[in-house]
Amino acid sequence: MPEGDLAARRGRLTDAQRALLERRLKGSTGSAAAEETEAIPRREGSGPAPLSLAQERVWWFARRHPESRVGNVYHAIGLTGPLAREALRSALAALVARHEVLRTRFPEVDGAPVAIASGPPPRLPMVDLAALPPAPRTEEGLRAIAELAAPPFDLERGPVLRTALLARGARENALALAVHHIAIDGWSLALLANEIAALYEAFVSGRPPALPEPPLQAADFASWQRRQIATGKLEDELSWWCERLSGAEIARPPLWPRRQGAAGGRVALNLDAGRAEALRAFARAERATPFQMILAAYQAVLGRRFGIDDVIVGTPFSLRGRPEVARLVGFLLNLLTLRTDLSGNPTFRQALDRTRETALGAFARREVPFELLA
């Protein structure tokens, strides 16, 4: 964020937030700033590794609900040109060799889950769709992807990655991937797609892949996070969160279903260009981001709908702010609990002002794992 943007917001920050931003503006002045910019190191040894707290939460959910498919993530990558199946196998093997979390299993040892990187490259069964007409070909391709992604993953035995080749024609094919969420996030999916394309092209052309080695592995991040907690590096941030969430009551809303299933849905809201620009302009005028504006509106609706003034909304937040994790394949998400006080019947501008301060404070302390607070 540019210095000018930070400076413009200082007048609305708490003393703690202002001090934190001042340290960031001053760069390496003082030991606290040095700690904030300290690079994540490689973990020592190569044996079983701890899980990050987010991974552990996912692991325990999978343990309690072994038939659940909530953590199953799937993706398809298009392949153009004549199919070179052996080159694709080699690309997959190279991908799994580069990112150890893709060949990791998560058994329980002494009452806690650990990560053990072992296992061969994934199998690559082929689903031949070439003889089908276009419409049935698409339908069968979607069915094949669903079949790949549907079975629950056995995290203790592995693997956490399944693949299949969808042969659609002489020059149109696709690689289907199914991965458990414990090993991947949305950022990682984009990394995998780009790397598969680069590796496949390299093996087809017979030249060595030109991808740089990942500076870190998922186990390195997990070990670093655990060390941050154990050594008290997050105590100030944790204290802020505890104070921020003190007295919060998490109650079931009146209309919330008492029994929840795995079925979900998506509601899309399409705005024309003029209305979208008007909303962006309003946010700029209020020195807020579009996210903060939408969050304020959502919290206002929840508060009005359920008759509450204390509104807490959870939002996933990517922990990709450090350059060394930009090419890390893993589950680097945190859940931020954004609590806004809507008492006193505020106007929307006043509600947005409170929501902005909530978001800024939470984002500045984004590395405190939600699992420490829950």
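Just so it is clear, the structure is predicted and the values come from calculations on it, not from any experiment.
Tyr200 places a side-chain N or O within 3.5 Å of a backbone atom of Ala84 that can act as its donor or acceptor partner. Side-chain N or O atoms of Gln225 include none that pairs as donor or acceptor with a backbone N or O of Ser52 at under 3.5 Å. Looking at Asp220, its side chain does come within 3.5 Å of a backbone N or O of Arg43 through a donor-acceptor pair. Arg327 places no side-chain N or O within donor-acceptor distance of the main-chain N or O of Pro214, the cut-off being under 3.5 Å. For the pair Trp241 (side chain) and Phe370 (backbone), a donor-acceptor distance under 3.5 Å is absent. Not a single donor-acceptor pair under 3.5 Å links the side chain of Arg103 to the backbone N or O of Ser118. With hydrogens and angles ignored, the 3.5 Å screen pairs a side-chain donor or acceptor of Gln299 with a backbone N or O of Leu338. For Asn334 (side chain) and Val368 (main-chain N/O), a donor-acceptor pair under 3.5 Å exists by modelled atom type. Looking only at distances, no side-chain donor or acceptor of Arg365 sits under 3.5 Å from a matching main-chain atom of Leu360. The closest donor-acceptor contact from the side chain of Glu56 to the backbone of Leu51 lies at 3.5 Å or more, if one exists at all.
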Under the criterion side chain to side chain donor-acceptor pair (under 3.5 Å), I'd like the reasoning laid out for Glu172 against Thr80: C-alpha separation, chi angles, the key distance, then a yes or no. CA-CA 5 Å; Glu172 292 185 11; Thr80 58; over 6 Å; no
Would Leu155 and Trp59 count as a side chain to side chain contact (heavy atoms under 4.5 Å, CB included) here? Give the steps. CA-CA 8 Å; Leu155 299 185; Trp59 188 91; 4.1 Å; yes
As a quick check of understanding, evaluate side chain to side chain donor-acceptor pair (under 3.5 Å) for Thr358 and Arg244, giving each step before the final call. CA-CA 9 Å; Thr358 293; Arg244 184 73 183 182; 2.5 Å; yes
Gln217 and Leu328: CA distance, side-chain angles, deciding distance, side chain to side chain contact (heavy atoms under 4.5 Å, CB included) verdict: CA-CA 6 Å; Gln217 299 289 341; Leu328 191 158; 5.9 Å; no
Which is it for Ser205 and Arg207 under the side chain to side chain donor-acceptor pair (under 3.5 Å) test, yes or no, and what are the steps along the way? CA-CA 6 Å; Ser205 62; Arg207 56 180 173 78; 3.2 Å; yes
Ile308 vs Leu342, side chain to side chain contact (heavy atoms under 4.5 Å, CB included): CA-CA, chis, key distance, verdict: CA-CA 8 Å; Ile308 55 177; Leu342 296 178; over 6 Å; no
Kindly determine whether Arg280 and Glu277 satisfy salt bridge (charged side-chain N to carboxylate O under 4.0 Å, His left out), including the steps that lead there. CA-CA 5 Å; Arg280 283 192 290 265; Glu277 179 52 38; 3.3 Å; yes
Ser188/Arg320 under side chain to side chain donor-acceptor pair (under 3.5 Å): CA gap, chis, key distance, verdict: CA-CA 11 Å; Ser188 300; Arg320 300 281 180 170; 3.1 Å; yes
Evaluate side chain to side chain contact (heavy atoms under 4.5 Å, CB included) for Val325 paired with Arg322, printing each intermediate quantity in order. CA-CA 6 Å; Val325 299; Arg322 297 169 176 267; 4.3 Å; yes
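Between Glu156 and Arg105, no side-chain nitrogen of the basic residue sits less than 4.0 Å from a carboxylate oxygen of the acidic one, so the salt-bridge criterion is not met. Using a cut-off of 4.0 Å between Lys/Arg side-chain N and Asp/Glu carboxylate O, Lys233 and Glu367 are scored as not salt-bridged. Ionic pairing of Glu108 and Arg63 is present here: one or more N-O contacts between side-chain nitrogen and carboxylate oxygen are shorter than 4.0 angstrom.
Applying the salt bridge (Lys or Arg N to Asp or Glu O under 4.0 Å) test to residues at least two apart or on different chains, the pairs with a partner in residues 135-147 are Glu140-Arg143, Arg143-Glu147.
Residues Tyr74 and Leu177 have side chains not in contact (no heavy-atom distance under 4.5 Å, counting atoms from C-beta outward). Side-chain atoms of Gln292 and Thr289, non-hydrogen and from C-beta on, do get closer than 4.5 Å to each other. Residues Val204 and Leu88 are not in side-chain contact: their nearest non-hydrogen atoms beyond the backbone lie 4.5 Å or more apart. Inter-residue side-chain proximity for Leu295 and Thr340 is flagged as unmet; no heavy-atom pair is nearer than 4.5 Å. Using a 4.5 Å cut-off on side-chain heavy atoms (C-beta onward), Thr163 and Arg123 make no contact. The shortest distance between side-chain heavy atoms of Val311 and Arg339 does not fall below 4.5 Å. Side-chain contact between Phe317 and Leu333: absent, with no pair of heavy atoms (C-beta onward) separated by less than 4.5 Å. Within the 4.5 Å cutoff, side-chain heavy atoms of Pro107 are placed close to those of Ile116.
Taking NE2 from His99 and CG from Leu161, the interatomic distance works out to 11.5 Å, rounded to the nearest 0.5 Å. A distance of 11.5 Å separates CG in Asn270 from CZ in Arg275, rounded to the nearest 0.5 Å. Going from atom CD1 of Ile294 over to atom CG of Leu279 covers 8.0 Å, rounded to the nearest 0.5 Å. Remark: Arg98 CZ to Leu199 CG distance equals 6.5 Å, nearest 0.5 Å. Distance check, rounded to the nearest 0.5 Å: CG of Leu211 to CG of Leu95 gives 9.0 Å. One finds the CG atom of Asp154 at 12.0 Å from the CZ atom of Phe106 (value rounded to the nearest 0.5 Å).
A single hydrophobic cluster is seen to contain both Leu372 and Leu245, as judged by linkage of ILVMFWY side chains at heavy-atom distances under 4.5 Å, directly or through other members. The hydrophobic clustering, which links ILVMFWY residues whose side-chain heavy atoms are closer than 4.5 Å, places Leu192 and Leu216 apart. Residue Leu92 is grouped with residue Leu191 when hydrophobic side chains (ILVMFWY) are merged at heavy-atom distances under 4.5 angstrom, including chains of intermediate members. Residues Val73 and Leu166 fall into different hydrophobic clusters, defined by Ile, Leu, Val, Met, Phe, Trp and Tyr side chains chained together at heavy-atom separations under 4.5 Å. Clustering ILVMFWY residues whenever any of their side-chain heavy atoms sit less than 4.5 angstrom apart, transitively, puts Met126 in a cluster other than the one holding Leu148.
Pairing each heavy atom of Arg162 with each of Pro151, the nearest pair is NH2-O, 2.7 Å. Minimum heavy-atom separation, Ala218 to Gly330: CB-CA, 4.4 Å. Across every non-hydrogen atom of Pro152 and Glu67, the tightest pair is CG-O, 3.6 Å. Nearest approach of Pro369 to Leu53, heavy atoms of both residues: CB-CD2, 3.9 Å. The two atoms that bring Ala49 and Ala219 nearest to each other are CB-CB, 3.6 Å, heavy atoms only. Contact record, Val160 with Val101: CG2-O, 3.5 Å, taken as the closest heavy-atom pair.
Ring geometry for Phe291 against Phe363 counts as tilted: the plane angle lies between 30° and 60°, on a 0 to 90° scale.
The environment of Arg42 atom CZ is dense: over 12 non-hydrogen atoms of other residues, nucleotides or ligands sit within 6.0 angstrom.
With sequence neighbours excluded, the residues forming a salt bridge (charged side-chain N to carboxylate O under 4.0 Å, His left out) with Glu371 are Arg57, listed by chain and number.
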